[in-house]
Student: 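I'd like to ask you about the structure that follows.
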Protein chains: 2
Amino acid sequence: MGQDLSRDQSRHLPMTAYALLGLLSFGDELTGYELKQRADRTLRFYWVSPAMSQVYSELERLHDLALVRRHGSGRTTSYSLTPMGRTTLTTWMRETPVGFPVLKHPVALRLLLGALVDPESITGMLRDHLARLEEERTDLEKVRVSLRGVDRSGDGFRYPALVADWGLSYFDHERTIIEDLLHRIETGT
Amino acid sequence: MGQDLSRDQSRHLPMTAYALLGLLSFGDELTGYELKQRADRTLRFYWVSPAMSQVYSELERLHDLALVRRHGSGRTTSYSLTPMGRTTLTTWMRETPVGFPVLKHPVALRLLLGALVDPESITGMLRDHLARLEEERTDLEKVRVSLRGVDRSGDGFRYPALVADWGLSYFDHERTIIEDLLHRIETGT
DNA sequence: CTCGCTTATTCCTAACAGGAACACTAACCT
DNA sequence: AGGTTAGTGTTCCTGTTAGGAATAAGCGAG
């Protein structure tokens, strides 16, 4: 039984686990709660923010695998990356086949079924979507600004800022698309 | 106990259920297998394609709720929308609060952690992503072409074609973004 | 001091992903 | 004919993920 565990390092973990390791890879010592917050704040633009339940159970597993260290100062427990955790993460970065993006776009799904309802219902939905798009964009803008400060770690490239720029341009593109769709629907192609 | 069921029509179903009802709303009589195929072919660009297991168990539920009709000709069973199923779907289209898109972008996630590995590893990943993007784009192009033929249902707007155009422009945008990123990384901002 | 807010964790349930297993059909192929 | 291979159609099982309720301690304001 025990001998199998020695090779368990090469087993792949659920994506959530790597996302958490990734958040810890920036060096901070974080509680489950803080990890969830950071995920909600920055990660959510490119990856689904894991549920609270998921964060804690995943941390449990990562601790069992010695990929994170526990810093239990009384009631609250915080976590940091172990050297082995860092190795696992970089190995995953290099060796794991990278999947294709998956999108769950409720607006597109409904647009597809647009013939079921009146056009006003569709244009209304698109306008609501535009408004929310704008909110999200300003949120991401704030994140990018705050990254400018933190992102001063020397030698490498400023990847988090790059990704933020990518996200912003994504929002901009979607806005023009939706505006165009609105125009086409209102005038009849 | 029984009396509660009378109000169960207003209960909301999982998203997968609405996606399946949506696929059936185009009028065909489909088996679970065919539904899965259609989802893989067209739906996947805007919504996660449900797993086989999910399709069959969801159809089971929809049948229990009398939202789909079963056409059991021997060993294979096909399904079609009941009037009540159509009503449920249009009600959902109009009344359900529309959520914000969720993206799982493994390339963006890794780019965020780019400092962990050498730049060549990142540019390699981006180039792979470009290639796959191109494949997906041509798949979607085929879908759009085939829609031109089917999409001749009279009065309304050609929504499926609209959504396909949206998807194509999404791929085009992502391609230019990635190419720009590659250039910026290779030259050092 | 107690009301409400944030932090922090645990637990439960339903939804979803992924694929193995099984069975039947059809084409083709030597 | 018999055999192989590919596609159709369904069921079952396990692990992962989503979502939120419940709990509790700490902390600032009235």
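Sequence lines set the chain letters: A, B, ... in the order given, protein chains first and strands last, and positions in each chain run from 1. Keep in mind that this is a model prediction, so the values were computed, not measured.
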Student: Walk along DNA chain D from 5' to 3' and tell me the first and last nucleotide with an atom closer than 4.0 Å to a non-hydrogen atom of chain B.
Tutor: D:dT8 to D:dC13

Student: Does A:Asp172 pair with A:Arg175 as a salt bridge, N-O distance under 4.0 Å?
Tutor: yes

Student: Please say yes or no: joined through hydrophobic side-chain contacts below 4.5 Å, possibly via intermediate residues, are B:Leu30 and B:Met52 part of one cluster?
Tutor: no

Student: Would you say A:Thr96 and B:Arg110 are linked by a side-chain donor-acceptor pair, where the criterion is simply a distance under 3.5 Å?
Tutor: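 Judged by distance alone, the side chains do not pair up.
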
Student: Using side-chain heavy atoms (C-beta onward) and a distance below 4.5 Å, is B:Glu60 in contact with B:Tyr56?
Tutor: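 No, side chains not in contact.
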
Student: If you define the side chain from C-beta out and look only at heavy atoms, does anything of A:His129 sit under 4.5 Å from B:Val98?
Tutor: no

Student: Within a 6.0 Å radius of atom CZ on A:Arg38, are there more than 12 heavy atoms belonging to other residues, nucleotides or ligands?
Tutor: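 12 or below, so no.
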
Student: Side chains of B:Thr88 and B:Leu65: does their closest heavy-atom pair fall under 4.5 Å?
Tutor: no

Student: Using the heavy-atom set of chain A and a strict 4.0 Å cut-off, write down the first and last nucleotide of DNA chain C that makes it in, 5' to 3'.
Tutor: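 Counting from the 5' end, contacts occupy C:dT7 to C:dC12.
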
Student: Pairs in or reaching into residues 65-95 of chain B: which pass ring-ring contact (aromatic ring centres under 6.0 Å, His included), with residues at least two apart or in two chains?
Tutor: B:Tyr18-B:Trp92

Student: State, yes or no, whether a side-chain contact exists between B:Leu130 and B:Leu126 at a heavy-atom distance under 4.5 Å.
Tutor: no

Student: Taking only residues two or more places apart in sequence, or in another chain, which ones meet A:Arg86 in a salt bridge (Lys or Arg N to Asp or Glu O under 4.0 Å)?
Tutor: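 Listed in chain order: nothing, the list is empty.
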
Student: Using a distance-only test with no angle check, is there a side-chain donor-acceptor pair under 3.5 angstrom linking B:Tyr170 and B:Glu174?
Tutor: yes

Student: More 5' along DNA chain D: B:Arg75 or B:Val102, using each one's nearest nucleotide?
Tutor: B:Arg75

Student: Check DNA chain C against residues 20-37 of chain B and give the residues with a non-hydrogen atom under 4.0 Å, in numerical order.
Tutor: none

Student: Taking DNA chain C as the partner, which of residues 49-62 of chain A come within under 4.0 angstrom of it by heavy atom?
Tutor: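 DNA chain C contact set from residues 49-62 of chain A: A:Met52, A:Ser53, A:Tyr56.
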
Student: Just do the salt bridge (charged side-chain N to carboxylate O under 4.0 Å, His left out) check on A:Arg132 and A:Glu135 with the steps written out, would you?
Tutor: CA-CA 5 Å; A:Arg132 243 130 24 107; A:Glu135 284 175 40; over 6 Å; no

